[in-house]
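Okay, so here's the structure we're looking at.
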Amino acid sequence: MASSLRLAALTLVLFAISLCYLSNDDIDKGGKQVSSNRKNRISWQRALGYQECEAYMPKIQLSIGNKAHHPKLLSDICSKFACPRYKALNITGCGFGARHMYGSTWVSTGYDMKDKASSKQAYWDLRKYILGDNDVNERLPMTVPVLTSVYIDLETLQPLDTAYMSFYQPSSSPPTPLNPALSIDPALSIVVYYRAFPGPGYPTEEQKAEEFERLKKAITEAGLPFYPYWMMSASYTRPGYGRQRWEAVYVAQ
């Protein structure tokens, strides 16, 4: 009996000690432990890159065993692939982040929004370009993000038929594409507002639309002007392979 009491007391002490090492990401609102892996634990705020709005939190709480698929850290992605240069900006509000994107260069092509085959062809045309389909037959590194730009008709408020897909180019003077459907496009320095899909996995088209609506609402509630007729999707990871990062993006006015 005494040994059982000592064992119970020791268990309580060890449990109390473990609670001292848990952050808010390890304990849900009911006080239950959610994650015990401190080494690999990443806070949601750090993963997203901004403070999430309370209304959106229930869908992104860490599950037991740290199995929740929060977005992959942008810093981890950009340590392996070339990313456009940017500076994170401090903002008031929740549900989105802000970045100052420095001037950059992109190779782009248009495609038919209503034709999935056209979208796939646009991607492979860009892939062929970096694999050597250019005027110097040079193989170029894969970069991120794969950027998709959609424009909204000011009268109908519906997306225009033609969208544009772009690959970032680290060089300001990349090789010329042999495919006439591709063009080299310089981008000016701009400020963007973004929202990362919280997961799990890669978003469906319906989920992408929902994230754009959330982003638009969050920016509006923060009182910040932006261009609502220019929507950009930024894909930083390969769908279906490990942790994902997809972002909805609007450009600040």
Side-chain angles (χ1 to χ4, degrees), residues 43-63 68-74 77 84 86 88-101 110-116 118-119 122 144-166 187 190-237 239-240 243-253:
S43 71
W44 274 106
Q45 183 172 346
R46 184 184 171 201
L48 295 172
Y50 51 84
Q51 181 65 47
E52 181 60 292
C53 294
E54 209 172 301
Y56 306 149
M57 286 299 289
K59 291 186 178 181
I60 63 169
Q61 294 297 320
L62 291 176
S63 61
H69 292 276
H70 58 63
K72 190 169 185 177
L73 264 69
L74 186 57
I77 297 170
Y86 72 91
L89 302 177
N90 293 324
I91 56 170
T92 58
C94 64
F96 71 104
R99 300 187 186 113
H100 176 195
M101 306 299 301
Y111 67 92
D112 187 348
M113 281 275 290
K114 299 178 181 178
D115 185 359
K116 289 186 177 181
S118 179
S119 173
V144 292
V146 175
L147 194 67
T148 301
S149 298
V150 176
Y151 299 92
I152 306 299
D153 187 287
L154 296 179
E155 294 183 357
T156 65
L157 301 181
Q158 296 299 313
L160 297 177
D161 291 341
T162 302
Y164 296 87
M165 188 178 295
S166 306
I190 58 173
V191 171
V192 299
Y193 301 128
Y194 71 94
R195 177 174 172 79
F197 177 64
Y202 195 78
T204 64
E205 292 304 312
E206 291 77 13
Q207 289 171 325
K208 289 179 181 179
E210 182 181 21
E211 294 308 317
F212 271 107
E213 286 301 313
R214 288 179 169 180
L215 176 59
K216 184 186 298 184
K217 181 179 180 182
I219 299 172
T220 301
E221 290 180 347
L224 298 171
F226 67 102
Y227 294 102
Y229 306 115
W230 181 8
M231 305 163 64
M232 290 188 288
S233 297
S235 299
Y236 285 91
T237 48
R243 290 192 183 275
Q244 300 291 308
R245 188 173 191 93
W246 175 92
E247 293 179 354
V249 181
Y250 279 118
V251 178
Q253 287 189 10

State the [atom1]-[atom2] distance between [X] and [Y], to the nearest 0.5 angstrom.
X      : Y      : atom1 : atom2 : answer
Trp246 : Phe197 : CH2   : CZ    : 8.5 Å
Thr237 : Gln244 : OG1   : CD    : 3.5 Å
Cys53  : Arg195 : SG    : CZ    : 7.0 Å
Leu74  : Leu48  : CG    : CG    : 12.0 Å
Ile77  : Arg243 : CD1   : CZ    : 11.5 Å
Glu54  : Glu52  : CD    : CD    : 10.5 Å

I need the minimum non-hydrogen distance between [X] and [Y], along with the two atoms involved.
X      : Y      : answer
Gly110 : Thr162 : CA-CG2, 4.3 Å
Met101 : Val192 : CG-CG2, 3.8 Å
Ile91  : Ala98  : CG2-CB, 3.6 Å
Ser119 : Met165 : O-CE, 3.7 Å
Leu89  : Val191 : CD1-CG1, 3.8 Å
Glu155 : Asp153 : N-OD1, 2.7 Å

List the residues meeting ring pair (Phe, Tyr, Trp, His ring centres under 6.0 Å) with Tyr194, not counting sequence neighbours, and say none if there are none.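 Applying ring pair (Phe, Tyr, Trp, His ring centres under 6.0 Å) to Tyr194 gives Tyr50.
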Pairing residues for Asp161 by the salt bridge (Lys or Arg N to Asp or Glu O under 4.0 Å) criterion, not counting sequence neighbours: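 Salt bridge (Lys or Arg N to Asp or Glu O under 4.0 Å) list for Asp161, sorted by chain: Lys114.
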Which residues satisfy the salt bridge (Lys or Arg N to Asp or Glu O under 4.0 Å) test with Arg245, sequence neighbours excluded?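 For Arg245, the residues satisfying salt bridge (Lys or Arg N to Asp or Glu O under 4.0 Å) (neighbours in sequence not counted) are Glu247.
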Side chain to side chain donor-acceptor pair (under 3.5 Å) with Glu205: which residues, sequence neighbours excluded?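 Testing Glu205 for side chain to side chain donor-acceptor pair (under 3.5 Å), a comparison that skips the adjacent residues, returns Lys208.
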Contacts of Ser235 that satisfy side chain to side chain donor-acceptor pair (under 3.5 Å) - sequence neighbours left out: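 Here the qualifying residues are Tyr202.
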For the pair Leu157 and Tyr229, evaluate side chain to side chain contact (heavy atoms under 4.5 Å, CB included) and give the outcome as yes or no after the intermediate values. CA-CA 8 Å; Leu157 301 181; Tyr229 306 115; 3.8 Å; yes
Quick check: do [X] and [Y] have side-chain heavy atoms less than 4.5 Å from each other?
X      : Y      : value
Leu147 : Tyr164 : no
Pro145 : Ser233 : no
Met113 : Leu160 : no

Which residue is it: Phe96, Phe212, Tyr250? I am looking for the one with a ring pair (Phe, Tyr, Trp, His ring centres under 6.0 Å) to Tyr193.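 Exactly one candidate clears the test, Phe96.
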All N/O donor-acceptor pairs, side-chain side in residues 218-228, below 3.5 Å, sequence neighbours left out:
residue: Thr220; atom: OG1; partner: Lys216; partner atom: O; Å: 2.8

Between Glu210 and Arg214, does any side-chain N to carboxylate O distance fall below 4.0 Å?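 Arg214 and Glu210: salt-bridged.
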